[in-house]
Protein chains: 2
Amino acid sequence: MSQGNIHVSVQADESECVPTECTILDVLDRISSKWSIAILLEAANGPVRFTELERSVKGISRRMLTLTLRNLERDGLLVRTVYPTIPPKVEYTETAMARDLHESLAGLTAWAERHRAAIALARSGYDRAASADKWLG
Amino acid sequence: MSQGNIHVSVQADESECVPTECTILDVLDRISSKWSIAILLEAANGPVRFTELERSVKGISRRMLTLTLRNLERDGLLVRTVYPTIPPKVEYTETAMARDLHESLAGLTAWAERHRAAIALARSGYDRAASADKWLG
DNA sequence: CGGGATCCTGCCTGATACTG
DNA sequence: CAGTATCAGGCAGGATCCCG
């Protein structure tokens, strides 16, 4: 029951970072989401279309696909090309910046492949120990 | 989340990671959070203590620090060592798996450093164009 | 086909206070 | 020092409908 403190959450939130004060972690936070990585990996094989991504990036909702694509485009990692045909055709192409990132992304995925079994194991081990502690006090 | 991914049998267990669904992206999603990365980078320089992290990882709340540390420990990336002294002392040490990841993380951070200005620029450019569209219909 | 707009839910997150 | 407990707000993200 905290009462009466009139604190108006004065977070001068500069999540929209100014060019000179954009920290590395801020940048990483933008591109390290599950969907961003998936999309970037797909786009590395050549231009991709919306519906194509909707199929290949399994589990993604239409909304998240749209939003993630927008953000990647906004950050200069993808270029959106619209062909005014009927039906419409939109292609997303990776930029040079994205190509440069792709190497690191490959490193990450390689790591994930190498250790995903170990991680799953560590998890179950941790959980088992946690349950045990619960009973043993 | 429909199936369709190739098996690659991870005999993992019944944790949140079902064998057929334990994809690389799932693993990445665990460690690619802003705080996880920051903490792992700190831990790479040697064992770190709770308050030490609270200071160095700027902007993190006590709650998030605790939660992120728990998850990293659970996934086998950090080892938590408690010294039953007064006052208590707890050290978090990276595991071999984390050390292996650190190389990739360094690659990512290097990329972020190289392109953070370009990203900020792309953003402001995109936003400017978006505002313009808004007025031009 | 490629989205935009809207509603709604639950988890993520921060702030604060308390504990061993 | 190193957390846990609790409350409250925000926004990520799914579902749905609609439009050019």
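Chain identifiers are assigned alphabetically (A, B, ...) following the order of the sequence lines, protein sequences preceding nucleic acid strands; residue numbering begins at 1 within each chain.
When the side-chain nitrogen and oxygen atoms of T51(A) are compared with OP1 and OP2 of dC1(C), none of them lie within a distance under 4.0 Å.
For the pair L65(A) CG and dA15(D) C1', the computed distance is 15 Å after rounding to whole Å. Here dA12(D) presents its C1' atom at 12 Å from CG of D29(A), a figure rounded to the nearest Å. N71(A) has its CG atom 13 Å from the C1' atom of dC11(D), to the nearest Å. Regarding Y83(B), its OH atom lies at a distance of 11 Å from the P atom of dA2(D), rounded to whole Å. Taking atom CE on M64(B) and atom C1' on dC11(C), their separation rounds to 11 Å, with Å as the unit. What separates CZ of R55(A) from P of dG2(C) is a distance of 9 Å, to the nearest Å. The CD atom of E54(B) sits 12 Å away from the P atom of dG14(C) (whole-angstrom rounding). Residue I39(A) contributes atom CD1, which lies 12 Å from atom P of dG13(D) at whole-angstrom precision.
What you find for L108(A) and L108(B) is that their closest heavy atoms are CD1-CD1, 3.5 Å. Taking both residues in full, the closest heavy atoms of S36(B) and I31(B) are given as CB-O, 3.5 Å, listed atom of the first, atom of the second, then distance. Residues I119(B) and R30(A) approach most closely at CG2-NH1, 3.2 Å, considering heavy atoms.
The nearest heavy atom of DNA chain C to L67(B) and to E52(A) marks one nucleotide each, and the one closer to the 5' end goes with E52(A).
Remark: side-chain polar atoms of W111(B) are not paired, donor with acceptor, to backbone N or O of L28(A) under 3.5 angstrom.
Taking the side chain as every heavy atom from C-beta outward, R80(B) and R70(B) approach each other to under 4.5 Å. By the 4.5 Å heavy-atom criterion applied to side chains, D127(B) and R74(A) are counted as neighbours.
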Distances for protein N or O near nucleotides 3-5 of chain D N or O, under 3.5 Å:
residue: dG3(D); atom: OP1; partner: R70(B); partner atom: NH2; Å: 3.3
residue: dG3(D); atom: OP1; partner: R80(B); partner atom: NE; Å: 3.2
residue: dG3(D); atom: OP1; partner: R80(B); partner atom: NH2; Å: 2.6
residue: dG3(D); atom: OP2; partner: Y92(B); partner atom: OH; Å: 2.6
residue: dG3(D); atom: O6; partner: R62(B); partner atom: NH1; Å: 3.0

